[in-house]
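Written out below as structure tokens is the structure these notes cover.
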Amino acid sequence: MKSTHFCTLMLCTTALALPAAAQGSDYPAKPITIVVPFSAGGGVDAMARLLAEKLRVSLKQTVLVDNKPGASGMVGAAFVSKAPADGYTLLLGSAGETAINPLVYKSRMQYQPERDLAPIALLSRVPNVLLANPNFPANNIAELAAYAAKHPGKLSYATSGVGNPQHLNGELLQSILNIKMQHVPYKGASGQLVDVASGTVDLTFVSYAGAAAFLKGGRVKALAVTSAQRASFAPDIPAIAETPAAKAYDLENWFGVFAPAKTPAAIQTRLNASIAAALKDPDLVKRLREQGGEPEPTTQAQFREFIGRETTKYARIVAAANITPE
């Protein structure tokens with residue numbers, strides 16, 4: 001008992017001796033910046049601004065959004081990884097730049113997410129939607145599998161780049177259904193959708209929010225969503241996993257908040273609590289679902305475990321398909 005009591009006193013004394021800033025007691029004392037590693041005006045940018053709006057209230061401090069696009073999200077992520085570890089520069093990161101890119105780009109990486117970034121909180125899971133031209137001869141996954149089997153190698157699918165979640169969606173679908181499709185990488189969702197609507201490409205994987213206008217206008221049709229279950233924001237679209245031959249299918253994009261790795265634990269905890277509280281706000285939940293996401297509050301430990309599970313899943317797909325930078 002004496003030893004335990006002595007250690008407790010020592011820990012308390014040490015904590016009291018630390019500067020207030022190191023303990024995070026005065027955090028935040030100045031504006032916070034959320035770095036978005038994609039262009040302004042897109043879905044990720046909108047998500048960051050929705051979160052910033054709520055954090056301004058809970059943290060009683062200005063929260064800015066700074067767009068740093070480039071290199072499949074790696075420019076913005078690298079910037080945050082090298083920023084001062086004080087909680088004032090955060091990353092709204094996706095599965096791509098925080099989990100998939102190290103598997104694909106390897107030696108080209110200027111940062112290592114596991115080493116250089118601290119996971120703070122999961123914000124939203126964002127399933128993609130598998131879309132086709134309205135005249136495409138299949139209306140569901142079973143019909144797609146049958147058509148692909150009769151026309152091996154003829155089908156094409158568009159994504160917004162090599163090694164991103166959309167690309168992995170296509171590779172996983174081919175693997176599970178034992179079909180072969182041609183991957184056609186684009187630089188953004190608009191080009192993908194235009195070419196699917198015109199019939200230049202057969203299929204595409206995009207977010208529901210990105211496809212909403214094309215769906216409402218009847219320019220494309222939805223075959224399925226890539227989550228294990230139907231999405232709350234689009235309950236009429238079946239999940240790929242509802243097809244018996246593809247019951248193991250489950251691959252979503254997701255977004256979360258990260259800080260530089262050595263950010264004080266007290267500040268990380270404060271940020272996690274603020275984000276979790278924001279995700280209980282019905283207004284934010286509604287608006288994130290309008291962006292095609294499923295809001296999901298987590299503890300830091302839960303978020304780390306989630307990233308670990310997802311990374312294992314991505315690693316299997318990348319290895320099986322031998323995905324490398326083009």
- Query: Would a distance-only check, ignoring hydrogens and angles, find a side-chain to backbone donor-acceptor pair under 3.5 Å from Tyr249 to Asn169?
  - Reply: yes
- Task: With sequence neighbours left out, write down each residue that passes side-chain hydrogen bond (donor to acceptor under 3.5 Å, both in side chains) with Thr89, or none if nothing qualifies.
- Result: none
- Item | Check: Ser94 side chain, Gly96 main-chain N or O, donor-acceptor pair, under 3.5 Å | yes
- State whether a side-chain donor-acceptor pair under 3.5 Å links Asp86 with Tyr27. no
- Query: Salt bridge check: are Asp202 and Lys154 linked by an N-O gap of less than 4.0 Å?
  - Reply: no
- Is there side-chain contact between Val196 and Leu203, with at least one heavy-atom pair below 4.5 Å? no
- Contact check, side chains of Leu51 and Leu288, non-hydrogen atoms, under 4.5 Å: no
- Common cluster, Leu55/Val257, ILVMFWY with side-chain heavy-atom separation under 4.5 Å: yes
- Ser175 side chain vs Glu171 backbone, donor-acceptor pair below 3.5 Å: no
- Query: Side-chain contact, heavy-atom cut-off 4.5 Å: Arg289 with Pro295?
  - Reply: yes
- Could you tell me whether a side-chain N or O of Ser198 sits under 3.5 Å from a main-chain N or O of Asp195, the two making a donor and an acceptor? yes
- Query: Quick one: does Thr226's side chain have a donor or acceptor within less than 3.5 Å of a partner on Asn128's backbone?
  - Reply: yes
Can you list, pair by pair, the side-chain donor-acceptor contacts under 3.5 Å of residues 205-223, counting residues two or more places apart and other chains?
{"residue": "Ser207", "atom": "OG", "partner": "Gly210", "partner atom": "N", "Å": "3.1"}
{"residue": "Lys221", "atom": "NZ", "partner": "Phe136", "partner atom": "O", "Å": "2.7"}
{"residue": "Lys221", "atom": "NZ", "partner": "Ala138", "partner atom": "O", "Å": "3.1"}
{"residue": "Lys221", "atom": "NZ", "partner": "Asn139", "partner atom": "OD1", "Å": "2.7"}

- Message: Contact between Leu168 and Ile100 at the side-chain level, heavy atoms closer than 4.5 Å - yes or no?
- Response: yes
- Verify, without hydrogens or angle tests, whether Thr204 (side chain) and Ala158 (backbone) share a donor-acceptor contact under 3.5 angstrom. yes
- Item | Side-chain touch Ser227/Glu252, heavy atoms, less than 4.5 angstrom | yes
- Query: Do the ring planes of His167 and Tyr157 sit parallel (below 30°), tilted (30 to 60°) or perpendicular (above 60°)?
  - Reply: tilted
- Message: Could you tell me if the side chain of Asn67 sits less than 4.5 Å from the side chain of Asp45, heavy atoms only?
- Response: yes
- Under 3.5 Å, is there a donor-acceptor pair between the side chain of Arg125 and the main chain of Glu294? no
- Message: For Arg287, is there an ion pair with Glu290 - N to carboxylate O distance below 4.0 angstrom?
- Response: no
- Query: Under 3.5 Å, is there a donor-acceptor pair between the side chain of Asn272 and the main chain of Gln268?
  - Reply: no
